[in-house]
> 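Just passing along the structure, written as structure tokens.
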Amino acid sequence: MAPTRVFVDANVLYSRTLRDWLALLQLSSSGEVYTVYWTEDVLAETIYRLRRNHPEWNGAKITSIRDRIAGTFEGGRVEDFSVDDSFPGGDGDDRHVHAAAVACRADIVLTADSGFTISGREPDSMPYEAYKPDDFFVLVDDSAPALVQLVTREQTMYWIQRSTRADLAGQLIAAQCPRFAERVRTYQGKLSLPG
């Protein structure tokens with residue numbers, strides 16, 4: 001079975017927590033579970049929001065984040081798509097997301113945007129499904145729990161080495177992923193960590 005094609009919106013890439021989980025799950029599965037697709041428009045919007053909310057960051061930090069996103073999801077860049085009036089959602093600013101998702105034949109549009117709703121159409125009539133991050137990560141855990149356990153362990157070790165505390169669930173709750181946070185908390189509780 002081919003990996004699920006996931007087009008990611010800027011509001012997901014903006015969150016370090018969501019961006020890290022999205023990247024680590026894809027990388028740890030070698031892209032066998034899903035592949036992330038994006039556009040330069042989405043990346044530009046992400047960087048714009050990061051700069052606006054962190055004016056104190058130096059240029060190297062912003063450039064590093066931009067380059068890591070592009071490098072991690074390199075094969076998923078959607079370069080050519082036509083924006084038209086076919087997007088039935090409530091927010092016209094999402095027309096470019098819809099157009100790119102259609103162009104790359106996405107199975108899922110991953111967005112935290114509450115305005116990305118399909119109005120006046122049956123969900124089955126769209127060529128993709130819109131998922132919130134919490135629902136998406138729960139879906140990944142349902143289909144590949146060993147993968148989520150592996151990334152949970154890696155993330156726990158990473159944060160323990162930096163701060164003696166790895167509150168992955170707290171970070172996920174803050175990122176609006178409470179159901180996935182509970183699953184990660186359960187996996188963390190079963191870890192045998194070197195001490």
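Heavy-atom basis, side chains included; hydrogens, waters and symmetry copies ignored.
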> Given side chain to side chain donor-acceptor pair (under 3.5 Å), test T156 with Q188 step by step and report yes or no.
CA-CA 8 Å; T156 300; Q188 272 191 308; 2.9 Å; yes

> Could you go step by step and tell me if N53 and Y14 meet the side chain to side chain donor-acceptor pair (under 3.5 Å) rule?
CA-CA 10 Å; N53 291 321; Y14 172 80; 3.0 Å; yes

> Within the structure provided, determine whether W159 and D167 are in side-chain contact (heavy-atom separation under 4.5 Å).
no

> Do Y48 and V97 share a hydrophobic cluster (ILVMFWY, side-chain heavy atoms under 4.5 Å, transitive)?
no

> Give, for atom CG of L22 and atom OG1 of T72, the distance between the pair rounded to the nearest 0.5 Å.
9.5 Å

> Please answer whether the main-chain N or O of D20 pairs with a side-chain N or O of Q155 as donor and acceptor at a distance below 3.5 Å.
no

> Compare every heavy atom of W21 with every heavy atom of Y34, then report the nearest pair and how far apart it is.
OH-O, 3.9 Å

> Does NZ or CZ of R162 lie under 6.0 Å from the centre of the six-membered ring of Y158, at an angle within 45° of the ring axis?
yes

> To the nearest 0.5 Å, how far apart are NZ in K61 and CG in L50?
9.5 Å

> So, for D107 and P3, which heavy atoms are closest and what is the spacing to 0.1 Å?
OD2-O, 4.3 Å

> How about D141 and Y187: does a side-chain donor come under 3.5 Å of a side-chain acceptor?
yes

> Indicate yes or no for a side-chain donor-acceptor contact from R5 to the backbone of A106 under 3.5 Å, with no hydrogens or angles considered.
no

> Whether the side chain of S29 engages the backbone of Q26 through a donor-acceptor N/O pair (distance < 3.5 Å, no angle test) should be reported.
yes

> One thing to verify: whether E45 and R52 come together as a salt bridge, which I'm taking to mean a side-chain N less than 4.0 angstrom from a carboxylate O.
no

> Tell me whether R51 contacts the main-chain N or O of W57 through its side chain, where contact means a donor paired with an acceptor under 3.5 Å.
yes

> Could you tell me whether the side chain of K132 and the main chain of D113 form a donor-acceptor pair under 3.5 Å?
yes

> Hey, quick one: are V42 and V83 part of the same hydrophobic cluster, counting side-chain heavy atoms closer than 4.5 Å, chains of contacts allowed?
yes

> If you define the side chain from C-beta out and look only at heavy atoms, does anything of H98 sit under 4.5 Å from Y128?
yes

> Roughly how far, to the nearest 0.5 Å, is CE of M157 from CG of L191?
9.0 Å

> Pair H96, F81 - check ring-ring contact (aromatic ring centres under 6.0 Å, His included), show working.
CA-CA 8 Å; H96 72 98; F81 55 94; 7.2 Å; no

> For the side chain of D9 and the backbone of V12, is there at least one donor-acceptor N/O pair under 3.5 Å apart?
no

> Between atom CG of L27 and atom CD of E154, what is the distance when rounded to the nearest 0.5 Å?
9.5 Å

> Counting N and O atoms only, with roles assigned by atom type, does the side chain of S30 sit under 3.5 Å from a partner on the main chain of E32, one being a donor and the other an acceptor?
no

> Considering only distance and modelled atom types, tabulate donor-acceptor pairs under 3.5 Å from the side chains of residues 168-182, sequence neighbours left out.
unit_1 : atom_1 : unit_2 : atom_2 : d
R179   : NH2    : D135   : OD1    : 2.5
E182   : OE2    : R185   : NE     : 3.3
E182   : OE2    : R185   : NH2    : 3.2

> May I ask whether L139 and L150 are part of the same hydrophobic cluster, defined by side-chain heavy atoms of I, L, V, M, F, W, Y residues being less than 4.5 angstrom apart, directly or through others?
no

> To the closest 0.5 Å, what do you measure between CG (L43) and CD1 (I47)?
5.0 Å

> Using the ring-ring contact (aromatic ring centres under 6.0 Å, His included) rule, take F73 and Y37 through it: C-alpha gap first, then chi angles, then the decisive distance, then the call.
CA-CA 7 Å; F73 305 122; Y37 291 83; 9.9 Å; no

> Rounded to the nearest 0.5 Å, what's the gap from CG on L18 to CG on L110? Could you check?
8.0 Å

> With a 4.5 Å heavy-atom cut-off, do V33 and L25 have their side chains touching?
no

